Amino acid sequence: MTTIRYGNKSLELAENQSVLDCLNGHGIPIPYACRTGVCQNCLMRATDGTPPAASQIGLKDSLRLSSHFLACACRPTENLDVALPDDALPSTHALVSGLELLNHDIMRVDLEALSPFEYRAGQFINLVRDSSHVRSYSLASVPRLDKHIHLHVRRLPKGRVSGWIHEELSIGQRVEIRGPSGDCIYLPGKPEQALLLIGTGSGLAPLYGILRDALDQGHQGPVRLFHGSRDFHGLYLMDELRKMERRFPNFSYFPCVSASHVPAGFVAGRVHEAALRETHELKGWRVFLCGHPEMVKQTRKSAYLAGAALRDIHADAFNVSHA
Ligand SMILES: Cc1cc2nc3c(=O)[nH]c(=O)nc-3n(C[C@H](O)[C@H](O)[C@H](O)COP(=O)(O)OP(=O)(O)OC[C@H]3O[C@@H](n4cnc5c(N)ncnc54)[C@H](O)[C@@H]3O)c2cc1C
């Protein structure tokens, strides 16, 4: 039986139970959001014992070396003493400066950071509703081009944070954001490389940031954006993207619709299938995948099989917690 110690409490882990589930199950409120080792909200530190390697995937070296780990991915096989970290993600306050519906269920939220906030387009922040409701949202803005931070938030049925954002958040309201995190970003240095961007729903948010960042930095290689939804009402920013297509000859935009009725000007089929149909050879391409976790998982595999190097595939799965 493996035991974890937190403060003066000694707790036994059930078989294959994560440290996060064990602590939360005993009423110890460890923050979390995605529960899949992505958002890093549940960062903790081992004060005695070694956290399993799987619980340190995605952490920067300084955190790994100082025994930090992600509680949701931590299933130790040896006893471990754990604590909340002193150096969790930096927290900043911001004012809501704009709220605009981009389609029937996606809201653009503009935030004005109240203290210096450095980020790269395509990273994500954790938005705090209250201590037990923290969710990740990707950054659609480009710091060089946009005065404020932009998020695209899709309202989920009975979603506790997305519902609050759509129904209760108001202009001028002060919110806490944590981060930024993530490495789904455009890195300059290979301006001739071909870029393939594939996203579903609000998965366009990071891609829109990455796209504008790349084109603004003079990216020369072909840049293809495939944005998909079941029907065309689920797409958004179509006019802006078509305008960008006219302005940048190396950029092509493919709005994809998977339902049976496909209006003229749209690509029929699921977004990742359409993207790999149009671009079947991916050797040398850099690929960005954002949105529905299943799409991201499948396409990562297909892009690799189509020739993209694993180091050139960047992905953010918008995992939703069910706890
Ligand atoms: C790295 C990352 C980046 C992200 N970026 C974005 C982004 O840019 N835009 C965006 O819109 N989203 C993004 N997300 C998703 C976002 O973080 C939230 O998960 C999403 O907004 C839902 O949160 P919520 O609180 O509204 O829903 P929750 O209250 O967490 O519920 C989620 C859904 O599950 C259902 N549910 C809840 N509990 C149960 C249960 N026990 N059984 C069955 N169903 C249940 C709810 O009804 C709801 O439909 C991102 C996620 C990650 C990990």
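What you see is a predicted model, and the numbers here were worked out from it, not measured in a lab. Atoms within a ligand are numbered from 1 in the order they appear, just like the ligands themselves.
With respect to Asp48 and Arg5, no salt bridge is recorded, no charged nitrogen being found less than 4.0 Å from a carboxylate O. Lys147 has no carboxylate O lying under 4.0 Å from a charged side-chain N of Glu112, or vice versa, which leaves the two without a salt bridge. One finds a salt bridge joining Asp105 and Arg154 here, because a Lys/Arg side-chain nitrogen approaches an Asp/Glu carboxylate oxygen to under 4.0 Å.
Residue Val161 touches ligand 1 through backbone and side chain together, judged by heavy-atom distances below 4.0 Å. Under 4.0 Å from ligand 1, the heavy atoms of His152 that appear belong solely to its backbone. Contact annotation for Pro206 and ligand 1: no heavy atom of the residue comes within less than 4.0 Å of the ligand. Counting heavy atoms closer than 4.0 Å to ligand 1, residue Ser136 contributes atoms from both its backbone and its side chain. Counting heavy atoms under 4.0 Å from ligand 1, residue Phe318 touches it through both backbone and side chain.
With sequence neighbours left out, Pro31 forms a side chain to side chain contact (heavy atoms under 4.5 Å, CB included) with Leu84.
Every atom of ligand 1 with a heavy atom of Cys34 under 4.0 Å away is listed here by number and element: 53 (C).
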Side-chain donor-acceptor pairs under 3.5 Å in residues 238-245, sequence neighbours left out?
residue	atom	partner	partner atom	Å
Arg242	NH2	Gly265	O	3.4
Glu245	OE2	Tyr253	N	2.9

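Taking the centre and axis of the six-membered ring of Tyr208, the NZ or CZ atom of Arg212 falls inside the cone set by 45° and 6.0 Å.
Within the structure, the closest approach of Leu151 to ligand 1 does not fall below 4.0 Å when heavy atoms are considered.
For ligand 1, the polar-atom distance check against Pro157 finds a nitrogen or oxygen pair separated by under 3.5 Å. Residue contacts with ligand 1: Arg135 is placed with a nitrogen or oxygen under 3.5 Å of a nitrogen or oxygen of the ligand (distance criterion only).
Taking the six-membered ring wherever Trp is involved, the centroid distance between the rings of Tyr236 and His152 falls below 6.0 Å.
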